[in-house]
Amino acid sequence: MAEIADRYDPSIVESRWYREWEERGLFGADPASPKPPYCIVIPPPNVTGSLHWGHALNNTLQDILIRYKRMDGYNALWVPGTDHASIAVHVLLERQLAAEGKTRHDIGREAFLECAWKWKEESGGTIIRQLKRLGASCDWSRERFTMDPGLSRAVRETFVRLFEEGLIYQDDYIVNWCPSCQTVLSDLEVEREERDTDFVYIKYGPLTLGTVRPETKLGDTAVAVHPKDKRYAKYVGKTLEVPSVEGTITLRVIADSAVDPKFGTGVIKVTPGHDPIDFEIGRRHNLSTRTVIGFDGRMTAEAGKYAGLDRFEARKRIVEDMQQLGLIERIEPYRHSVGLCYRSKTVVEPLISRQWYVNVKPLAEVATKAVRGRRIKILPRPWVKTYYHWMENIRPWCISRQLWWGHRIPAWYCDADGSVHVSRTDLTECPKCGGPLRRDPDVLDTWFSSGLWPFSTLGWPDDTPDLRTFYPTNVLITGPDIIFFWVARMAMLGLHLMDEVPFRDVYLHAIVRDAEGQKMSKSKGNVADPVVVMERYGTDAFRFTLAALAGLGRDIRISDERIEGYRNFANKIWNAARLVLSNLDGFDRALAAKGKPSVADRWIGSRLHATTAAVRKALDAYRFNDAAAALYQFLWNEFCDWYLEIAKRSLYQTEDSIARAVTQRTLVETLEATLRLLHPFMPFISEEIWQRLPHEGPSRPEAARSIMIAAFPKAGRKGRDATAEREMAPVIAVVSAIRTVRSESRILPAAELEVTVRPSPATAKTLKAAAPLIGGLARARVRIAPGAERPPLSAHVVESGVDVFVHLQGVVDVTAERARLGKEIDKARKEIAFLAGKLSRPDFVERAPADVVARERERLGEQQQIEAKLTQSLAGLA
RNA sequence: GGACGAUUAGCUCAGUUGGCAGAGCACCGGCCUCACAUGCCGGGGGUCACUGGUUCAAGUCCAGUAUCGUCCACCA
C-alpha cells in the first residue's frame, strides 16, 4: 500500500478526475438508450457572465440530481448552454465604445455585431470553464447558445407561428422607454425604487392639482376628476382657460373613474403622451396627444421654450417659472416609486411608440391550468400563488427592442404599399407589389429565445430523437428572481408550441447572501469569487456546503466557517479511507465468507441502509440539506466515531483471521457504498477513494471504471437489521456513560477504570458478549453482573434500564464527587416533580393516547430509580 | 396599497402529519489514544419574537401585534 497523505489535498485530485470523466465520455446521454430518460436543461448563464454564488448553488444542485439519477439507472441528460443576453451585452459594448468616444452609430450595425460576436467568443467560455471547475457533469456535446443557427430558427418559427395565429401584433402604445439604452423595455424590465421628490400643487384656473412631474404639464390635454366627486361636478364637460407658463391654455375637464377623489386634491392633469394612466384615459375620452419629451430624454419642440432641455432640468425650470407667475400653490415633500431600467438604472420615460407585442393572455390561461392541475409542480409551495397572481394579471408582452445584438425581428415593410410581411425566410421584394422592402431594424427581447430553451436546445422545430426522448424535461432548477422573466414564459411557450409542459417540477432555490445577510452584488463589493473559495477549500467542500444550506425556500447565508467545516468533513472521509486502506493487507473475501458478521458489522450495515433511505427520500423531495445532513451524520458520527473504533479492535488485536477478514469486508463494503451515496455531492473525493478500493465480482471491469456510473445504493426494506440496532444501543449507551463519569469526575483518560454493569433482563446477553468491546472503547475493565449490588464508593449512571457503576476508589476526589452527585439528585428530583404533576392530572391520563401516558409513567419510574440510586451513592461516599 | 416569507442556543440554521427542543460553528473542561489536532472524549447554554385562543398536550394549529426581508402594484 502506497503512502497516502494524512491531509486531503483537493487540488491534485480535482484537476485529474474531471478531465478523465470527460475523456471517457461519461457525461453523454444517448436518445437510443433503453433506460428511462431524465433530463435537466441548464438555466443558460449570460455569455458575458462569470460564475457567481447563485450559479454555484444552482448548478451544484442540478449536478447532484443528474449524478444521482445517472447512477440510479436513468438515461440522464443535462443540457448546457449560454444566453446571448441581448440588452446586457449591448449595453456593455456601448459602454466600451463610449470609452473610446464613439457610439454604435459611428461604427454601424455590422461592425457592432462583429464586436458582439467577438466578445461572445472571447468571454463566452469563461463560465463554461468555471462550471467544469465546479464538477458539472453536463453533456458538452450538446452545448447550445441562444443565437446558434438552430435556436435562431426556433425563434423565427415561433415568431412567425404566433404572428399567423394573431398572437403577435404591432401596436402604438405607451411603453417603458429607457433614454439611456435607447430602447423600449417590457414591464418586467422596469425596476421600482422609492425616491423622495416634490409634490407640486399647481393652479389650473379654478382648480388645483398635485403632480410629481410638472414638466409633463406641457403635454396636458385635459384635466380629470372622479365622476362622483361632487366638489368638481360643475366643471365636468366645461373647457377651462387657464394661465400657464406659455400664456393661456385651454383644457377640457373630464370625469374618469381612474381618478382617486381621496388622493391629493382629487383632480389630475391628463398627459396621454407621458403617463400610462393618462394614456388610457386619453383613449377612453378621445383626447389628443402632445409629445413633449423625446426618446433622448430631452424636451421636444412641442415644449416651446423648454425645447432641448433635459427632462429633469425642465422640471426645475418650469417650477421656477410657475412660482414667478404665482401658479404654484404649495410644494410638499413626497416619497414615491420611480421606474428604473434594470440595466442602466436610468429613470424610465413612458412614451408612445409602435412596438411588437405578444398577446400572452390565452397562453397564460393554459400555463395556469398546468400548475393547478399539478402537471407542473412548483416548489417551495408559496411561489405557486405568486405565479398565479402574475399569470392572472398578465398584460401584453412587448417583445421588440431597439437594439442590435439579438434575434432580428423577421418582419419587412413595403414603403410603396404600406404592407407588413412576416416570414420564415428572408424577403427581398414585396410579395404584394414587388417593391423594395425594409427589414424591421429591431431585435427581440432576450427572454423570447430563452423561453424556448427546453425544446429549442433539443432540436425543435425539428422532430429529433432528442426532443422525443427528453421532452418534457424532469425538473427546472433556478432562482426565484426569474420566475416571471423565464419560468412563466417557458411554461406558456412550451405548452403552446409543444402542447406539453416544458418541465414537471420547478425547484426555486434560495438567494445566496453573505455572512451578514447582504445580497451579494457587485456594486456592494461583497462578492467573493466562488472559484477562489473552491481553490481554498476544495470543490467538494464547497458543493457540500451549498447542498447543506439549501433548505426549502429561504435565503441562505454562507460563511467561511461553514465551508471550513465541510472541508474538515472531506478530510475526515479521507482519513477514514486511509484507515481502511492501510488495513486491507491480506484481505481475502473467501476467508471472510467463512465468518459471521458481528453485531457491529450488522449494525453499521443497518445504519447505512437507513442513511441510504434518508438520502433518497430527501433527494426525491429536493431536500438537499436533509440529504447532506444524513450523510454527514452517518459518516462522521456512526461510521467514524463508532464503527471504525470498534473495527480497530478486530484489526489490531484479534488473533482470529476470519473475524479480521469479516471486519475488512465490512469496512470495504460500507465505505464503498457510502462513497457512492456521497458521490453526487462530493464527486471528486468519492471517485478518488473509490478507485483505490478493491473492486471484485463478475462486473468488475465495467463497474470499476468510475463511481460516476456505479449504481446508486438501493434502500431495500431487508437492509435494516432491527436486532443489531437494538443490540448496539446499550453498548453505545454504556460506553458513553462510562466516559461521562470519567470526564465529570476528572479522571485522566489514560487511567483504566473498574466498572460493574448491571444489565436489564433484555440487555444481559448482549452486554455480556460486548463486555470486552465496551471495556476497550471506554478504557475500563468491565464486569457484567446481573443482580450486582452497588459497589462502595462508586459513581452510578442509569442508561435505559442498565445500571453502570464506575468504581471510584483511588481515582477520584471524593469531595468533588459528592458535589456532583448532589447536583444530579437535584436534577432528578425536578424531573420527578414535573412528571408526577403531569401524571396526576386526570385530563392528561384520560385523554392522551395510552402509549404517551405509558411512556411518561416509565420515565417517572426511571427518574425515581435514578434518584434513589444517587442518594444511595451519596451515602456511600460518607 | 396588496401578497408572501422570517423571528428557535452567542452566531448560522434544521425541526415534514401537534406528543421528551436539535445540528454545525463558537464557548468551557480533559486529551498529541499507532486514520485524522482540519482530530478525540465530555460538558454548559434556549420563556421557540410578543399577546390571546383551540387542545389532555402547541416551536408546530387559529387570531392579532411588533420587527426584519422579498415580490407585485398605473394613487398622479
A.B. asks: What do you reckon, are the aromatic ring centroids of F681(A) and F569(A) less than 6.0 Å apart?
C.D. replies: no

A.B. asks: With a 4.5 Å heavy-atom cut-off, do N575(A) and D6(A) have their side chains touching?
C.D. replies: yes

A.B. asks: G19(B), A14(B), C71(B): which one has an atom nearest the side-chain heavy atoms of V852(A)?
C.D. replies: G19(B)

A.B. asks: Would you say a side-chain N or O of Y643(A) is under 4.0 Å from OP1 or OP2 of A35(B)?
C.D. replies: no

A.B. asks: Taking the minimum atom-to-atom distance to the side chain of R855(A), which one of C20(B), U16(B), G24(B) wins?
C.D. replies: C20(B)

A.B. asks: Separation of L753(A) atom CG from G42(B) atom C1', in whole Å?
C.D. replies: 14 Å

A.B. asks: Taking the six-membered ring for Trp and the full ring for Phe, Tyr or His, determine whether the centres of W383(A) and Y507(A) are under 6.0 Å apart.
C.D. replies: no

A.B. asks: Got a salt bridge between E215(A) and R311(A), using NZ or NE/NH1/NH2 to carboxylate O under 4.0 Å?
C.D. replies: no

A.B. asks: With under 30° as parallel and over 60° as perpendicular, where do the rings of Y566(A) and Y632(A) fit, or are they tilted in between?
C.D. replies: perpendicular

A.B. asks: Above 12 or not: heavy atoms from other molecules or residues under 6.0 Å from NE2 of H336(A)?
C.D. replies: yes

A.B. asks: Give the rounded distance in Å between these two atoms: CD of E392(A) and P of A3(B).
C.D. replies: 14 Å

A.B. asks: Scan L644(A) against the nucleic acid and name what it touches under 4.0 Å (heavy atoms): base, sugar-phosphate only, or nothing.
C.D. replies: base

A.B. asks: Quick one, Y342(A) with E189(A), criterion side chain to side chain donor-acceptor pair (under 3.5 Å). Give me CA distance, side-chain angles, the key distance, then yes/no.
C.D. replies: CA-CA 5 Å; Y342(A) 79 144; E189(A) 290 170 305; 2.8 Å; yes

A.B. asks: Could you list, one pair per line, each protein nitrogen or oxygen that sits under 3.5 Å from a nitrogen or oxygen of nucleotides 72-76 of chain B, together with the distance?
C.D. replies:
from   : atom 1 : to      : atom 2 : distance (Å)
C74(B) : OP1    : R395(A) : NH2    : 3.1
C75(B) : O2     : D260(A) : OD2    : 2.6
A76(B) : OP2    : Y334(A) : OH     : 2.6
A76(B) : N6     : D260(A) : O      : 2.7
A76(B) : N6     : F263(A) : O      : 3.0
A76(B) : N1     : D260(A) : N      : 3.2

A.B. asks: Taking protein heavy atoms under 4.0 Å as touching, what does nucleotides 43-49 of chain B look like 5' to 3' if B marks base contact, S marks sugar-phosphate-only contact and - marks none?
C.D. replies: S------

A.B. asks: What is the distance from CE of M391(A) to C1' of C71(B), rounded to the nearest Å?
C.D. replies: 16 Å

A.B. asks: So which protein N/O to nucleotides 36-40 of chain B N/O distances come out below 3.5 Å?
C.D. replies:
from   : atom 1 : to      : atom 2 : distance (Å)
C36(B) : O4'    : N575(A) : OD1    : 2.8
C36(B) : O4'    : N575(A) : ND2    : 3.4
C36(B) : O2'    : N571(A) : ND2    : 3.3
C36(B) : O2     : K572(A) : NZ     : 3.2
C36(B) : N3     : K572(A) : NZ     : 2.8
U38(B) : OP1    : R7(A)   : NH2    : 2.4
U38(B) : O4'    : N568(A) : OD1    : 3.0
U38(B) : O2'    : N571(A) : ND2    : 2.8
U38(B) : O2     : R567(A) : NE     : 2.9
U38(B) : O2     : N568(A) : OD1    : 3.2
U38(B) : O4     : R7(A)   : NH1    : 2.8
G39(B) : OP1    : N568(A) : ND2    : 3.1
G39(B) : O3'    : K572(A) : NZ     : 3.0
C40(B) : OP1    : K572(A) : NZ     : 2.6
C40(B) : OP1    : W636(A) : NE1    : 2.6

A.B. asks: Nearest-Å distance, CD (E193(A)) to C1' (C71(B))?
C.D. replies: 16 Å

A.B. asks: Provide, to the nearest angstrom, the distance between the OH atom belonging to Y632(A) and the P atom belonging to C13(B).
C.D. replies: 18 Å

A.B. asks: Salt-bridge test for K648(A) and E645(A): reply yes if a basic N is under 4.0 Å from a carboxylate O, no otherwise.
C.D. replies: yes

A.B. asks: Between U70(B) atom P and L508(A) atom CG, what is the distance in whole Å?
C.D. replies: 18 Å

A.B. asks: Using atom CD1 of I558(A) as one end and atom C1' of C13(B) as the other, report the distance to the nearest whole Å.
C.D. replies: 13 Å

A.B. asks: Given the C1' atoms of A14(B) and G22(B), what is the spacing between them in whole Å?
C.D. replies: 7 Å

A.B. asks: Measure up the Y643(A) and F639(A) rings against each other and bin them: parallel (under 30°), tilted (30 to 60°), perpendicular (over 60°).
C.D. replies: parallel

A.B. asks: To the side chain of P749(A), which of U16(B), C4(B), C31(B) is closest?
C.D. replies: C31(B)

A.B. asks: Tabulate protein N/O versus nucleotide N/O from nucleotides 54-57 of chain B, keeping only pairs under 3.5 Å, one per line.
C.D. replies:
from   : atom 1 : to      : atom 2 : distance (Å)
C56(B) : OP1    : R847(A) : NE     : 2.9
C56(B) : OP1    : R847(A) : NH1    : 2.2
C56(B) : OP1    : R847(A) : NH2    : 2.1
C56(B) : O4'    : D843(A) : O      : 3.3
C56(B) : O2'    : R841(A) : NH2    : 3.0

A.B. asks: Between V580(A) and L549(A), which is nearer to the 5' end of RNA chain B once each is assigned its nearest nucleotide?
C.D. replies: L549(A)

A.B. asks: Using a 3.5 Å limit on both pairing distances, list the dot-bracket string of RNA chain B from the 5' end; Watson-Crick and G-U wobble pairs count, crossing pairs take [ ], interstrand pairs take |.
C.D. replies: (((((((..((((.....[..)))).(((((.......))))).....(((((..]....))))))))))))....

A.B. asks: Mind listing the N/O atom pairs, protein and nucleotides 58-61 of chain B, below 3.5 Å?
C.D. replies:
none

A.B. asks: Rounded to whole angstrom units, what separation is found between the CG atom of N625(A) and the C1' atom of U12(B)?
C.D. replies: 13 Å

A.B. asks: Could you tell me how far C25(B) sits from C48(B) if I compare only their P atoms? Round to whole Å.
C.D. replies: 25 Å

